[in-house]
Each structure stands twice: as structure tokens, then as C-alpha cells.
Amino acid sequence: MRFPFALTKKIASHIIKHKLRQTPKFAMVLQLEPLHTCNLTCTGCGRIREYSTSLKDMVPLEQCLQAAVECDAPMVSICGGEPLIYPKIEELINGLLEQGRVLYICTNGMFMRKKMRDYLAAVYSPGLEPKLKQLLGEKLITEKEAEVIRKSDDPAKKKIVIRPTQWMYWNVHVDGLEFTHDLIVEREGVFKECVEAIKMAKIIGYQVATNTTVYRETDVREIEDMFKYLSSLEVDGHTISPGYDYDAAKKDMVSRLGKDPKQFFLTRDMTREKFAKIQDWGKAFTIFGTPVYQEFLAGKRELTCTAWAIPTFNVKGWKAPCYLMTDGHYGGYQEMLAKVQWDKYGVVNGVARDPRCEHCMVHCGYDPSGALGTNYQSGDNWKNFKYNFGAKPKPFPASPELAKRAFNGVSIGKGHLAEAKAAINSPAAGARGAFSHKEEPHSHNGNGNGNGHEAHVGSHCGTGDTSERDDLLAKIKDAKKSQ
Ligand code: SF4
Ligand code: SF4
């Protein structure tokens with residue numbers, strides 16, 4: 001099976017239950033943002049700027065757990081910010097698992113190995129030695145760390161830890177191969193750390209997914225290579241979604257000055273071009289998301305936005321109308337469902353009900369539409385069934401060539417602090433230095449900023465001005481050409 005049976009059953013039962021009850025609107029995935037603080041400052045990330053980044057501004061544990069009960073989504077995506085910074089992340093994960101939720105921990109990967117070492121220390125017995133040997137052999141832990149695990153004391157044994165379970169996925173943010181990813185996150189070594197964390201997680205027995213956003217300037221051939229490499233690591237699933245960012249000023253330039261929208265937006269046409277091969281990717285790799293949503297991305301059908309199915313809860317409350325846009329926050333999920341005028345949003349028959357929605361095709365608005373059958377066409381149920389219950393694609397064969405293509409950045413001396421940064425900031429690569437504006441204040445004020453965040457399995461962080469990432473990706477392309 002492409003996805004674990006128990007998970008598929010849980011989600012299918014939830015949909016059937018609400019269909020039988022004729023519930024008009026209900027939650028499928030809760031995007032839970034316990035905090036917006038992050039250890040990274042990725043280019044264009046608005047999430048860490050739109051909300052306060054103070055550690056004080058956190059959703060208390062009880063409120064997080066209550067939000068899940070309130071909306072009763074079978075899946076919860078814990079995102080942020082970096083959720084592994086949340087001081088009670090272990091309690092949160094365990095509490096949500098006790099509620100019977102399927103969890104996706106959306107992380108930039110930097111603290112995963114630490115959390116997994118905590119787990120190993122808590123459960124250490126001599127029977128774990130073969131695994132420790134393997135981890136040591138692959139240099140995923142050091143001798144010193146292995147000793148700490150072996151000598152774990154009582155507090156370490158009693159610590160609440162994140163245990164592997166079929167109900168939880170690490171969901172690691174990866175936006176390209178080493179060169180690109182490290183540039184986007186503006187730190188050398190992050191890609192390598194993600195890969196090492198993924199390898200360690202697989203050895204220990206965790207499920208691992210990845211999430212990727214496609215921007216206007218994303219090179220889809222690189223994304224294919226990335227899937228091949230991640231698949232060779234036996235990653236259990238991938239979410240991929242178009243980025244989206246609405247900016248009224250850019251829209252104004254399009255209408256007033258007759259500029260080409262393609263200069264500013266990842267338009268629907270461009271998204272369709274980029275995702276032309278999504279159905280082939282779905283066959284070759286374990287892509288999360290319904291085949292109906294994949295058809296939508298490939299331009300083969302229309303869907304209606306069902307953003308209410310993927311509500312976001314954070315320090316300000318229930319965010320409406322969607323993960324990307326903020327027109328308000330509400331005190332309760334049902335209150336939000338009742339008070340938001342949902343028919344003001346989305347695109348229907350090619351006409352945007354809200355100009356900010358015009359080019360949006362993101363997961364968090366449209367993937368649930370595929371699962372919920374909002375634009376049902378004959379055969380859709382069979383397609384979804386076949387996709388979920390069909391054979392899982394085999395891992396892509398690992399090879400030194402593939403690894404060499406993946407580690408094309410700092411590992412071979414092309415780190416962003418050295419050649420890469422110089423290359424992309426050179427006059428030849430464009431007037432604006434890609435790194436010159438990372439500390440500029442960003443004001444999002446609910447004007448529809450965002451990146452692609454997956455609806456089916458949660459999201460990754462980084463909502464913000466996608467044009468900043470596009471600038472950066474354009475420079476990366478130029479830099480690669482001159483290599
Ligand atoms: S921006 Fe996208 S997800 Fe949000 S309401 Fe508009 S169409 Fe739906
Ligand atoms: S994109 Fe994610 S990892 Fe990067 S700064 Fe934003 S919240 Fe942190």
C-alpha cells in the first residue's frame with residue numbers, strides 16, 4: 001500500500017462520518033502553530049515576522065490540545081516557527097497521540113537528531129547496541145553521544161520523549177538540493193543536517209516525510225533529482241505544493257502599467273507548467289495528496305477552495321480564511337466557520353471571488369477539495385482508492401552519482417558564505433543582493449502572503465514574500481550557469 005492502512009482508514013472514516021451526518025464544513029487537518037520562533041531566518045520567511053517571534057508568545061500546551069479536540073481534525077500538523085523549540089513539544093506530541101490524531105512534525109531538521117538521541121537514552125538497553133553501532137558507523141552520532149545514551153540516568157529514562165509510531169511523521173522542510181536549500185535557509189550545512197536526521201530517523205524506525213514548495217523560479221529538474229535522492233533514503237512520503245504570494249502593489253502594477261503578471265506571481269498557468277509531470281511523480285514517488293488535487297495542479301480540472309478544512313490555530317486564535325491570508329482571528333473553530341463568509345474566497349469557474357485568491361492553487365486550499373469530493377467527477381472515488389491502496393513506489397536506487405548531484409553546495413566548497421554568495425550577489429547576477437535585505441521588516445497585515453503549505457499532511461514553515469525567494473532562485477540559476 002502507498003500509505004499505511006491504519007492511517008488511510010482513520011481519515012476515510014472521518015470523511016464518511018461527516019458525509020453521513022451531512023456536516024457542511026469540518027476539519028481534516030489542523031495546522032497547529034504553538035509558536036512562531038525559529039532558529040533559522042530563511043529568505044522571505046514571513047511566518048517569523050508576521051507574528052511576534054518572542055518566546056513568550058506561545059500557545060499554552062492545554063490550549064493546543066484543546067484546539068485539536070475542538071476542531072477534531074484526524075490529522076494535526078505541528079508547525080511554526082520551528083516546533084521543536086516549543087518547550088513542551090514532547091508533551092504536545094504525546095497528548096495529541098493520546099487523542100488518536102495522526103501527526104506531522106514540520107521541522108527544519110536542525111533539532112531532530114537531538115530529540116532522537118533523547119529517545120534512545122530513554123529506552124536504552126543492551127539490545128539497542130546493533131542500532132547504536134549502525135548509527136556510529138554512518139557517523140550519525142558521535143562516540144561521546146553514544147556513551148551518553150548508554151549511561152542514561154534516571155531523569156533521562158523518565159524523560160517524555162518523541163517515540164517512533166505509525167501515527168507520526170517527521171515532516172522535514174527541503175526546498176531543493178544542497179546548494180539551493182542552504183541558500184534559501186541562509187545557513188550552510190542545513191541540507192546535510194536534514195539528510196543525516198532523515199537517515200537516523202529511518203534507522204531508528206520513525207516515519208519520515210518531506211515538504212517542498214515550488215516557487216516561480218524553482219527548477220523542476222532539480223526537484224526531480226531531489227525526489228530521487230530523498231526516495232533513495234527511503235523517505236515515506238513527500239508533499240509538494242506551489243508557493244503563492246499576493247501583493248496588492250504588484251497586482252496594481254499589473255493592472256495599471258500593463259505589466260506581465262508572470263513577472264510577479266506564480267500564476268495559475270505557470271503552476272500548471274511546473275506541475276505538468278506531477279502525475280508521473282505520483283507514480284514514481286510517494287507523493288502525498290489526492291490524485292484529484294494532482295489533476296488540478298496539472299491543469300486538467302478545476303477545484304473549489306475548501307480552506308475551512310485545514311484551519312490554522314496559533315497564538316492569536318483561529319486564523320481566517322486560510323493558512324496564507326489573515327482577515328481575522330477567531331476564538332473558536334465553530335465560531336470561525338459560522339462568521340467567515342466562505343463564499344467570498346477562492347476561484348469559481350475561472351473567476352476569483354477575491355483578487356488575492358486569483359492565482360492560488362496551494363495544498364491548504366485545494367487538496368482537501370479532492371478528498372472531500374467538492375467537485376466530484378465520476379471515477380474520482382476509484383482514483384483516490386487506487387492511489388491510496390496501490391503499491392508503494394520502490395525507493396529510487398541509491399548511487400554515488402545521485403549523492404554527488406545532491407551534495408552540490410558547501411560539501412564541494414560551494415557554500416553560500418563563499419563562492420555561492422559572491423556569485424549570486426555579483427553585478428552579473430542582478431542588482432539586488434539576495435542577502436542584503438533579510439533583516440528588512442516585513443508587514444503582512446493580512447494582505448495574502450504565503451507559500452505553499454500542504455493540506456493533506458500539514459505544512460512547512462516559511463509563509464512570506466515568495467518574490468524574495470524567487471529573486472534568490474533566479475540568482476542561483478545564474479550562478480549555476482557560470483559554474
Ligand atoms: S488564498 Fe488560496 S487557500 Fe486562501 S482562501 Fe484564497 S484560494 Fe483559498
Ligand atoms: S521558513 Fe521555517 S525554518 Fe525558515 S525561518 Fe521560517 S519558520 Fe524558520
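Read the numbers this way: they start at 1 and go in the same order the structure lists the ligands and their atoms. Atom set for the values below is all heavy atoms of this structure, side chains included, hydrogens, waters and symmetry mates excluded.
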Check whether Y366 forms a cation-pi arrangement with R268 (NZ or CZ under 6.0 Å from the six-membered ring centre, at most 45° off the ring normal). yes
Just to check, does G81 reach to within less than 4.0 Å of ligand 2 when the distance is taken from its heavy atoms? yes
Tell me: protein heavy atom nearest atom 8 (Fe) of ligand 1, and distance? C305 SG, 2.4 Å
Who's the nearest protein heavy-atom neighbour of atom 3 (S) of ligand 1, and how far? G365 CA, 3.6 Å
Residue N108 vicinity, atoms of ligand 2 by number, heavy atom under 4.0 Å: 3 (S)
Determine, considering heavy atoms only, which of Y345, Y366, W308, Y323 sits nearest to atom 7 (S) of ligand 1. Y366
Compute the minimum heavy-atom distance from V185 to ligand 2 and say whether it is under 4.0 Å. no
Tell me the nearest of G346, A352, C322 to atom 4 (Fe) of ligand 1, using heavy-atom distances. C322
Between the side chains of E82 and N39, is a donor N or O closer than 3.5 angstrom to an acceptor N or O? no
Report yes if some heavy atom in the side chain of N211 is under 4.5 Å from a heavy atom in the side chain of I240; otherwise report no. no
Can the positive tip of K10 be found less than 6.0 Å from the middle of the six-membered ring of W167, inside 45° of the ring normal? yes
Side-chain contact test, heavy atoms from C-beta onward, threshold under 4.5 Å: evaluate it for T286 versus F3 and give yes or no. yes
Can you pull out the closest protein heavy atom to atom 2 (Fe) of ligand 1? Residue, atom name and distance to 0.1 Å, please. C360 SG, 2.3 Å
Can E193 and R113 be counted as an ion pair, charged N to O under 4.0 angstrom? yes
N/O/S of C38 less than 2.8 Å from atom 8 (Fe) of ligand 2? yes
Identify the protein heavy atom lying closest to atom 6 (Fe) of ligand 1, giving its residue, its atom name and the separation to 0.1 Å. C357 SG, 2.4 Å
Student check: side-chain heavy atoms of D367 and T290 closer than 4.5 Å: yes
